[in-house]
There are 2 protein chains.
Amino acid sequence: MRGAQGDLLRLVAAGHAESRAELARLSGLAASSVSLRVEELIGSGLLVEEGAGTSRGGRRPRRLRLSPSAGLLAVADLGAHHARLGLLDLSGTPLVVEERPCEIADGPEATIDWMAGAFEDLLAAHGPPGVPLRGVGTGIPGPVDPGTGRVVAPSRMPGWNNFPVAERLGAHFDLPVLVENDANLMAAGEARSWPKCETLMVLKAGSGIGCGVIVNGTLHRGRGAAGDISHVRVRSDSSVTCSCGHDDCLEAYASGAALMSVLNEQGIEVRRPADVVALVEDGVPEATALVRNAGRLIGEVLTVLVNFINPDAIVVGGSLSPAEPLIASIRAAVYERCLPLATRDLEISTTRSGPDAALLGAGSLLLDAVLA
Amino acid sequence: MRGAQGDLLRLVAAGHAESRAELARLSGLAASSVSLRVEELIGSGLLVEEGAGTSRGGRRPRRLRLSPSAGLLAVADLGAHHARLGLLDLSGTPLVVEERPCEIADGPEATIDWMAGAFEDLLAAHGPPGVPLRGVGTGIPGPVDPGTGRVVAPSRMPGWNNFPVAERLGAHFDLPVLVENDANLMAAGEARSWPKCETLMVLKAGSGIGCGVIVNGTLHRGRGAAGDISHVRVRSDSSVTCSCGHDDCLEAYASGAALMSVLNEQGIEVRRPADVVALVEDGVPEATALVRNAGRLIGEVLTVLVNFINPDAIVVGGSLSPAEPLIASIRAAVYERCLPLATRDLEISTTRSGPDAALLGAGSLLLDAVLA
DNA sequence: CCATCTTCCTTCGAAATCGAAGTTATGGCG
DNA sequence: CGCCATAACTTCGATTTCGAAGGAAGATGG
């Protein structure tokens with residue numbers, strides 16, 4: 001499982017390689033060495049050979065897959081009022097995904113212990129017998145210190161500040177543990193769906209605004225807050241003070257929460273970002289105008305970032321992302337204002353990985369820990 | 001010179017390793033393999049053993065250095081009206097650096113051929129006899145396509161658009177050729193002076209405004225324009241149209257050229273950014289106010305980027321950088337407006353590599369090509 | 001349907017790499 | 001000053017990895 005052996009497994013699990021030949025190309029090892037190694041991995045039950053792939057003009061490759069019994073990963077994505085939970089095999093394929101209500105405001109101990117219980121439930125109900133759990137991971141709607149696995153200065157998670165989430169979760173399972181910001185997980189998940197993109201910006205537009213950055217194919221964490229765009233100052237006529245203490249933060253104008261509060265003030269009742277999307281689809285002009293304005297503001301911020309890191313694609317996800325005017329106005333702002341060189345082949349589109357992106361990302365990152 | 005052999009040389013040349021033991025630690029090879037390899041490299045005259053290093057509690061390491069006769073690199077940094085030219089040994093140490101007048105507006109053919117001639121001059125005058133030239137490189141004050149070595153849509157370089165600079169330079173020397181944006185080279189040069197920083201933003205404040213980004217210790221190129229911040233829209237009362245066609249670009253307010261044109265309109269004659277710095281040092285209030293405002297605008301843009309990529313340090317270089325109020329107001333803006341997590345250990349300071357940063361960066365990047 | 005080209009994978013001797021044990025040099029400490 | 005802990009190399013047999021050659025399986029094109 002360690003070292004070069006792990007490298008090969010990782011390449012197969014991550015979906016980068018499907019045959020011995022591809023492994024040889026990607027790992028840099030000689031074809032003969034790869035064959036030897038693969039034989040061992042098959043012998044130890046971690047890899048299985050599964051039919052033949054499609055020919056590329058010569059003999060067909062013998063397709064390799066991680067054995068379904070090689071192990072499981074239990075992953076979660078915590079939101080403010082609910083959590084998505086899932087069980088993945090080591091290739092990152094979900095066996096089961098569930099959404100359960102869960103109040104993050106109940107505090108870290110209660111929430112994490114609840115999560116551990118939910119994982120046990122899932123395992124009992126859907127885990128194939130004899131297949132070991134190999135790692136657990138969760139996304140958190142706030143900044144996470146990459147070194148310690150602690151939550152750092154979250155804005156809407158009372159009681160969580162500086163809490164050692166990874167440690168607490170690890171106390172339930174003696175296994176590799178991953179704790180990461182939810183937008184970062186989403187980015188890691190999307191990255192698997194955009195294999196040709198080295199640099200990726202993944203926007204999470206939900207009740208809050210988050211963003212994850214993939215540079216050179218790997219998640220860029222910075223000090224744990226990398227990708228944060230919610231507290232950028234935007235150009236606006238009025239003046240709103242954000243929860244962070246500064247004026248005119250993007251989040252105060254363009255987040256789902258901000259849109260909802262404006263709509264509610266106007267007497268249009270909404271309770272979740274999805275309600276806003278529904279209003280837009282029903283052609284309610286107030287909602288459409290608001291969403292369009294939010295997209296413009298987000299787009300103007302992205303403009304700066306696109307010039308700066310020249311991503312290959314911008315992916316928009318989160319519960320607000322199905323609203324067409326949002327992405328349309330983001331596109332308009334970015335294409336209008338960015339440098340031609342930066343937008344020449346830039347793709348801006350909605351999620352390819354769907355609502356489970358964060359869970360898939362957790363799986364992808366956990367794998368690195370499990371196969372280290 | 002190839003493969004693993006090159007890896008060892010690179011580690012020594014880049015200053016990361018000074019002894020066999022350090023090479024073993026950093027390269028991941030077994031100590032015995034390193035010894036063998038090093039012996040060969042010494043035998044072929046590329047490495048030399050030079051005295052003993054300082055003990056870390058046991059036997060002293062035998063210090064390794066690249067042989068002064070291992071090779072030379074010829075590097076240049078083109079500006080609008082002058083060029084810096086230098087000769088480096090393979091460890092990146094300059095043997096000579098000269099500044100010569102040179103009009104980039106003369107067009108690419110004339111400029112590049114002139115550069116080739118200047119390199120020959122330097123070699124004849126300062127090159128130790130028998131030491132071969134191993135690579136040439138140059139910085140360009142405009143975007144460079146990393147794949148082709150062509151200039152792409154530069155703003156103030158008439159006749160250069162889409163010109164294959166690398167190819168033309170390569171026609172003079174049958175050697176590895178490097179062509180890169182000047183701010184990017186500066187960033188690569190600074191990176192060597194900030195070994196503990198994985199993520200670095202290097203601002204070049206001269207007649208224009210440029211920026212290079214180091215992510216994970218390596219230069220982030222994007223599509224060739226990465227790091228561009230000069231055409232970000234800034235918040236301002238008036239409205240100025242930039243050469244790029246958009247309104248209120250940062251460059252139109254905060255670049256050395258913009259400052260100079262305002263001062264000249266006010267009847268204060270300045271010809272180069274350095275003159276502005278001199279005025280500030282003399283306490284001329286118009287100049288100080290302008291520079292302070294420029295710093296504030298730049299700082300507000302950096303705010304967004306600091307939240308986004310969480311650099312370990314921001315380095316300010318370029319001919320405007322000695323002006324104290326510039327960096328002071330950049331600091332003020334960034335520390336005031338960024339997230340605490342992002343500024344907690346963020347260092348903002350002037351260049352450590354000095355005016356030759358770009359040449360050193362060219363050396364550093366060329367080395368990778370030469371020892372590939 | 002047969003020759004030819006590609007690609008995938010294995011075989012096997014040569015070469016590189018490892019790693020455990022040993023050697024040399026040094027600082028610290030009683 | 002002698003002893004020990006530590007670090008920097010070396011030596012040398014065991015192991016891995018390589019790579020050239022060849023076999024297997026399929027595409028292509030007459």
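Chain identifiers are assigned alphabetically (A, B, ...) following the order of the sequence lines, protein sequences preceding nucleic acid strands; residue numbering begins at 1 within each chain. Note that the coordinates shown come from a computational prediction; the quantities given were computed from them, not determined experimentally.
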Item to complete: Output yes when at least one side-chain N/O atom of B/R37 is less than 4.0 Å from OP1 or OP2 of C/dT17, else no.
Response: yes
Item to complete: Report yes or no: does B/S364 contribute a side-chain atom to a donor-acceptor pair with the main-chain N or O of B/L360 at less than 3.5 Å?
Response: no
Worksheet entry | Check: A/S193 main-chain N/O paired with A/R352 side-chain donor or acceptor under 3.5 Å | yes
Item to complete: Whole angstrom is fine here: how far is it from CG in B/L36 over to P in D/dC12?
Response: 12 Å
Practice prompt. Check whether any side-chain nitrogen or oxygen of A/S32 sits under 4.0 Å from OP1 or OP2 of D/dC18, and answer yes or no.
Written response: no
Practice prompt. Kindly say if A/S19 contacts the phosphate of C/dC8, meaning a side-chain N or O under 4.0 Å from OP1 or OP2.
Written response: no
Worksheet item: Quick check: does any side chain N or O of B/H220 sit under 3.5 Å from a backbone N or O of A/I309, one acting as donor and the other as acceptor?
Response: yes
Fill in: CG-CG distance between A/L169 and A/L178, expressed to the nearest 0.5 angstrom
9.5 Å
Response to the item:
Walking DNA chain D from its 5' end, the first of B/R20 and A/A30 to be reached, judged by nearest nucleotide, is B/R20
Practice prompt. Calculate the interatomic distance between B/E18 atom CD and D/dA7 atom C1'; express it in whole Å.
Written response: 16 Å
Discussion item. Tell me if a side-chain donor or acceptor on A/R20 pairs with a main-chain N or O of A/A31 at a distance below 3.5 Å.
Written reply: no
Fill in: Heavy-atom protein contacts under 4.0 Å, nucleotides 25-30 of chain D, coded B base, S sugar-phosphate only, - none
BBS---
Fill in: For A/R62, the option from A/E50, A/E49, A/E18 that meets side-chain hydrogen bond (donor to acceptor under 3.5 Å, both in side chains)
A/E49
Practice prompt. Send over the distance from A/D7 CG to D/dT17 C1', rounded to a whole Å.
Written response: 15 Å
Worksheet item: Under 3.5 Å, side chain of B/D89 to main-chain N/O of B/P68, donor-acceptor pair present?
Response: no
Discussion item. In whole Å, I'd like the distance from the CG atom of B/L29 to the C1' atom of C/dA16.
Written reply: 11 Å
Discussion item. What is the distance, to the nearest angstrom, from the CD atom on A/E49 to the C1' atom on C/dC8?
Written reply: 12 Å
Worksheet item: Taking CD from A/E40 and C1' from C/dC9, how many angstroms apart are they, rounded to a whole number?
Response: 17 Å
Worksheet item: Rounded to the Å, how far apart are B/R62 CZ and C/dT26 C1'?
Response: 15 Å
Item to complete: Apply the side chain to side chain contact (heavy atoms under 4.5 Å, CB included) test between A/V12 and each candidate in A/D7, A/L66, A/L371; give the one that qualifies.
Response: A/L66
Item to complete: Report which part of the nucleic acid B/R25 touches: base, sugar-phosphate, or nothing (heavy-atom distance under 4.0 Å, all strands).
Response: sugar-phosphate
Worksheet item: Quick check: does any side chain N or O of B/N184 sit under 3.5 Å from a backbone N or O of B/G212, one acting as donor and the other as acceptor?
Response: no
Practice prompt. Measure the angle between the two terminal helix axes of the helix from C/dC9-D/dG22 to C/dG30-D/dC1, five base pairs each, and quote it to 10°.
Written response: 20°
Discussion item. Can you identify which nucleotide, out of D/dA8, C/dT10, D/dC18, has its nearest atom closest to the A/S33 side chain?
Written reply: D/dC18
